[in-house]
Structures are given as C-alpha cells and as structure tokens.
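Okay, so here's the structure we're looking at.
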Amino acid sequence: MMFDTIIRNGAVVLRDGTVPLDLGIRDGKITCLAGRLDPAQAAEVIDADGQYVLPGMVDAHMHISEPGRTEWEGYLSGTRAMAAGGTTTFVEMPLNTIPATTDLASLQIKLDTARGQCHVDYAPMGGLVPWNLADLEPLSAAGVAAFKCFVATCGSGKPGDFMNVDDYELYRGMQVLARTGDLLVIHCENAALTDKLGRDARAAGKTRVSDYVASRPVFTEVEAVQRVLLIARETGCRVHIAHNSCPEAVDAIHRAIADGVDASVESCPHYFLLCTEELDAIGPRAKCSPPIRDRANQERMWDALRAERIHIIGSDHSPCTPDLKASPNAFDAWGGLSACQNSVDAMFDAAVLQRGIDPSLLMRLLATRPAERFRLGQKGEIAIGKDADVVLLDPTRPYTLRAEDLYYKNRFSAYEGRRIGCRITRTLLRGRTVFRLDSGIVGEPAGQLLRPGE
C-alpha cells in the first residue's frame with residue numbers, strides 16, 4: 001500500500017485556495033495531494049464527497065483547569081470537546097490551574113497531569129507574574145510555547161494562583177523575554193479604570209451583563225494595548241495581544257507593527273458571533289473579559305477580519321462550574337466562556353456560508369497563522385510533509401446546538417440554541433480518526449506534547 005489513508009472527493013482548503021483534491025496519508029503525514037488517487041492504494045478510504053477538507057484548528061488560547069480546578073474542566077473532557085469541534089492542537093494558558101504554570105516545578109505538574117489524557121496535541125505556556133522573573137529563562141529553556149501575562153486584574157489570591165503584573169514587572173519581564181526570544185501573550189485592559197468603574201456600577205445597583213460591558217468601555221482596552229506596545233517597542237520583546245474585542249485595538253497594534261514592533265493580533269469567535277444587545281437574554285454565560293461589544297463594533301470587526309488585519313482567532317475557552325455562572329448579578333459571575341467546541345463550525349457558518357468569506361482566509365486565522373506564530377511547524381496547514389490533522393465539514397448539515405451535544409465537563413455554552421449551518425463530521429489527528437459524528441470520540445487519548453521549533 002502506498003498510503004495508510006486516502007481522503008477522496010473533498011473540497012480541500014489549502015493555504016491560498018480551495019481545490020477538489022484527493023489527499024494521501026502515510027505514517028501520520030500528508031504525503032500526496034492529487035486530482036485523483038486510486039482507492040486500491042490505501043488500507044482506509046474516506047469519502048468526503050460534498051464536504052470541505054480543512055486543516056485542524058490550532059487553538060492558541062485554551063484554558064484547561066486541571067489540576068487544582070479540575071471540576072471546571074479536565075484534560076479528558078476538554079480535549080474531547082476540541083476533537084469534536086475540529087481542533088487538533090492547543091496551546092495551553094498557564095492559568096486557571098492551581099498551581100499556575102510559573103516555574104519548572106509547576107510546569108512538570110502540568111506535563112505529568114496531561115500525559116495520557118489528551119485526545120489532541122498540546123503545548124504549554126509559562127506565566128509572567130510579579131514574583132517569577134528568575135523563572136522565565138528556565139521555563140524558556142524547558143520549551144514552553146510562549147508566556148502569558150495580565151495587565152488587567154486577575155487571580156483569586158489563593159496560594160499558587162495567577163496574578164497580574166504592574167508596568168514595572170511587565171517591563172522587567174519583557175527585557176528577559178527579549179533576550180530569550182520568547183513570545184509574550186498579553187491580556188490588555190486598564191486595571192485601575194475597569195476595577196473602579198465596576199465598583200461604581202455595583203454601587204449604583206447595576207446587575208445585567210450589559211451593565212458589565214458598560215463598565216469596561218473600549219478606551220480602557222485600547223489604552224492598555226497602546227501602553228503594552230510602547231513597552232514592547234522599548235524592550236524589543238515579541239508580543240501577541242490576546243482577545244482583541246474592538247477595531248481600535250486592532251488599529252493600534254498595526255500602527256505599532258508599522259513602527260517596528262514584532263506584534264500580532266488575536267481575536268475570538270464570540271466577538272464575531274455575539275453582541276451586547278443579545279447578552280442580557282443569554283445571561284452570565286456570555287460574560288467575558290474584554291467584554292462582547294455592540295453590533296456596530298461587531299460589523300467593524302468583520303471588516304477587519306476580511307482585510308486580514310486580524311492574524312489569529314483563538315477560542316479563549318475558559319470554563320467553570322454552573323454555580324459560578326448562576327448569580328443574577330453579572331458582576332459576581334465568572335468571566336469566561338465555554339467555547340472551544342464551536343470555534344470552527346460556528347465561525348465557518350458565520351464567515352463562509354453567511355458572508356461569503358474565502359474558506360482559506362478563515363483557516364489561515366484558525367490554523368495556519370497560530371501554528372506559525374507559536375512555532376508549531378508541523379501543524380496548521382494541508383500541505384505535503386505536514387501532520388495529517390484533518391477535519392471534514394459538511395456545509396449542508398445545519399443543526400441547533402443543544403447542551404447534550406457538548407463534551408465539556410460542565411455542559412453549557414453561550415451558544416446553546418444557536419442554529420449553525422454546517423457540521424463537523426470527522427476529525428483526524430496525525431492520520432488517525434479521533435472523532436466521528438455518528439459514533440463520537442474514537443479510541444484512547446493519543447495527543448502528544450509538542451516542542452516549539454521541532
């Protein structure tokens with residue numbers, strides 16, 4: 001046999017276009033792309049007639065809460081949801097676990113915990129927090145994919161939990177990471193302003209999700225983005241601005257790039273799929289930070305996506321238990337969305353099927369560019385020599401998302417009840433089927449730890 005698997009008759013989404021091709025896989029790699037392959041040349045033949053053949057999503061913004069908060073989300077449940085949703089690789093944030101991944105000991109705890117539990121491939125991040133300046137270089141040498149910090153207030157204050165940095169700590173950390181060459185991922189909101197505006201809203205008796213949005217106005221995000229970029233320019237640190245919610249922040253990053261800063265723009269599906277006007281009906285399940293902004297802002301974000309001024313889309317999957325979303329006061333609820341299972345299908349529906357955006361553009365944002373930015377060279381693209389991480393998506397199979405469709409440990413989502421005009425029918429990781437719509441998760445966890453640059 002020339003191939004282990006052939007995928008036939010699909011519309012294959014390549015980096016720069018969509019082409020009717022057959023795809024040959026051997027030893028976990030894509031080894032052939034051809035107009036027609038002989039089915040007799042493979043042990044397994046998958047018919048993708050009428051379907052798109054996509055690269056697996058590389059989700060560069062994922063929170064798995066194990067250990068320490070495993071009741072929120074564990075590796076098994078979280079990676080099952082990713083496999084079902086067409087994500088084949090994730091870069092794991094250093095929070096919301098306890099301990100957070102801020103030194104070699106906590107990194108080893110994460111690696112030991114993840115081993116043998118992941119249905120997709122993974123790479124860990126390290127954290128930049130006020131007390132770990134001396135730990136950054138050892139974490140870099142250990143092979144983390146990037147580092148993460150907050151300039152917005154974060155953390156519970158519990159021993160081992162994450163904590164935001166001030167400008168001095170950010171500056172010193174950026175100096176170290178400029179020397180190591182590591183990428184720093186930054187959550188940008190002005191801590192002093194948003195904290196006190198939130199207190200004002202509470203004191204005034206505000207409780208709705210839309211009130212929470214109003215307490216974190218656009219300028220508080222943009223100011224933090226601009227400040228962080230100025231420090232990045234001064235230090236020479238490579239930066240990735242996480243979950244931009246507004247075009248003004250996107251524009252600020254592009255001005256910095258034109259000025260020589262090595263920076264990239266990330267946004268998330270929820271900023272394109274939801275808007276403030278819908279949030280009070282959904283409730284705290286749709287609370288996140290930076291918040292989901294109004295419909296006019298959303299349309300301008302779509303314009304930025306079409307113009308490829310957004311480089312990467314990550315899920316920012318940040319789950320929790322139902323009780324943490326149950327308060328009638330949105331200011332008391334956990335600020336994160338359970339989202340990773342619907343990054344690919346809901347965005348494909350909204351972008352390609354509803355707005356006519358080129359599928360190759362969308363997959364550059366979901367797969368190709370995150371793989372490149374986070375130095376995961378075998379991922380993110382359907383091309384000869386790459387890992388055979390492949391997703392089949394049927395554009396003629398609409399469905400309405402129900403809680404029972406979800407693989408999360410806590411089966412709820414802000415997208416419940418949403419009609420999605422397409423459906424993922426199969427996910428392959430390195431040539432091996434890990435999810436089928438008709439049978440669910442396939443096989444035991446086979447996800448591997450990835451080393452950036454390899």
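The first residue of the sequence shown is numbered 1, and numbering continues consecutively from there.
Applying the ring-ring contact (aromatic ring centres under 6.0 Å, His included) criterion to His240, with sequence neighbours excluded, gives Phe374. Judged as a side chain to side chain donor-acceptor pair (under 3.5 Å), and not counting sequence neighbours, Arg423 has no contacts.
Ring geometry, His311 versus His254: the interplanar angle falls from 30° to 60°, so the pair is classed tilted. Aromatic ring pairs are classed by plane angle as parallel below 30°, tilted from 30° to 60° and perpendicular above 60°; the pair Phe150 and His187 is parallel.
A side-chain contact (heavy atoms from CB on, under 4.5 Å) with Arg233 is found for exactly one of Val239, Val261, Val228, Asp262, namely Val261.
Ion pair Arg306/Asp303 flagged as a salt bridge, since at least one NZ, NE, NH1 or NH2 atom sits closer than 4.0 Å to an Asp/Glu carboxylate oxygen. With salt bridges taken as basic N to acidic carboxylate O contacts below 4.0 Å, one links Arg293 and Glu221. The pair Asp251-Arg309 counts as a salt bridge, with a side-chain nitrogen and a carboxylate oxygen less than 4.0 angstrom apart. A salt bridge does not link Glu372 to Arg364: none of the charged nitrogens lies less than 4.0 Å from a carboxylate oxygen. Contact check on Arg411 versus Glu416 returns no salt bridge, with no Lys/Arg side-chain nitrogen under 4.0 Å from an Asp/Glu carboxylate oxygen. Here Arg369 pairs with Glu308 in a salt bridge; the nearest charged N to carboxylate O distance falls below 4.0 Å.
Under the 3.5 Å distance criterion, with hydrogens and angles disregarded, a donor-acceptor pair is assigned to the side chains of Thr153 and Asp195. Between the side chains of Gln117 and Tyr122, no donor-acceptor pair is found at a separation under 3.5 Å. Side-chain polar atoms of Asn329 and Ser327 form no donor-acceptor pair below 3.5 angstrom. For the residue pair Arg172/Gln175, the side-chain donor-acceptor check at 3.5 Å is satisfied. Residues Asp182 and Ser140 bring a donor and an acceptor atom of their side chains to less than 3.5 Å of each other. Using a 3.5 Å distance cut-off with no hydrogens or angles, the side chains of Thr321 and Asp323 do pair a donor with an acceptor. A side-chain N or O of Gln354 and one of Asp349 form a donor-acceptor pair less than 3.5 Å apart. Asp405 and Tyr399 share no donor-acceptor pair across their side chains, judged by distance under 3.5 Å alone. When only modelled atom types and interatomic distance are considered, Asp345 and Asn342 share a side-chain donor-acceptor pair under 3.5 Å.
Within the 6.0 Å centre-distance limit, the rings of His317 and Tyr408 are counted as a close aromatic pair.
With Tyr212 as the aromatic partner, Lys287 meets the cation-pi criteria of under 6.0 angstrom to the ring centre and within 45 degrees of the ring axis.
The backbone N or O of Asp59 lies less than 3.5 Å from no partner atom in the side chain of Thr89, so there is not a single donor-acceptor pair. Distance alone, capped at 3.5 Å, is enough to place a donor-acceptor pair between the Glu277 side chain and the Arg295 backbone. Arg238 places a side-chain N or O within 3.5 Å of a backbone atom of Gly181 that can act as its donor or acceptor partner. With Thr88 contributing its side chain and Val120 its backbone, the two residues share no donor-acceptor pair below 3.5 Å. Between the side chain of Asp280 and the main chain of Val209, a donor-acceptor pair closer than 3.5 Å is present. In terms of modelled atom types and a separation under 3.5 Å, the side chain of Thr101 and the main chain of Gly126 share no donor-acceptor contact. Of the possible polar contacts, one joining the Asn297 side chain to the Ser245 backbone as a donor-acceptor pair under 3.5 Å is found.
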Side chain to side chain donor-acceptor pair (under 3.5 Å) assessment of Asp358 paired with Ser360 | CA-CA 5 Å; Asp358 190 328; Ser360 61; 2.8 Å; yes
Apply side chain to side chain donor-acceptor pair (under 3.5 Å) to the pair Arg15 and Thr368, showing each step before the final yes or no.
-> CA-CA 8 Å; Arg15 185 188 192 104; Thr368 311; 5.2 Å; no
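By the 4.5 Å heavy-atom criterion applied to side chains, Met93 and Val185 are counted as neighbours.
Enclosure of atom CZ in Arg432 by more than 12 non-hydrogen atoms of other residues, nucleotides or ligands within 6.0 angstrom is indicated.
Here the closest non-hydrogen pair linking Pro94 and Thr97 is O-OG1, 3.8 Å.
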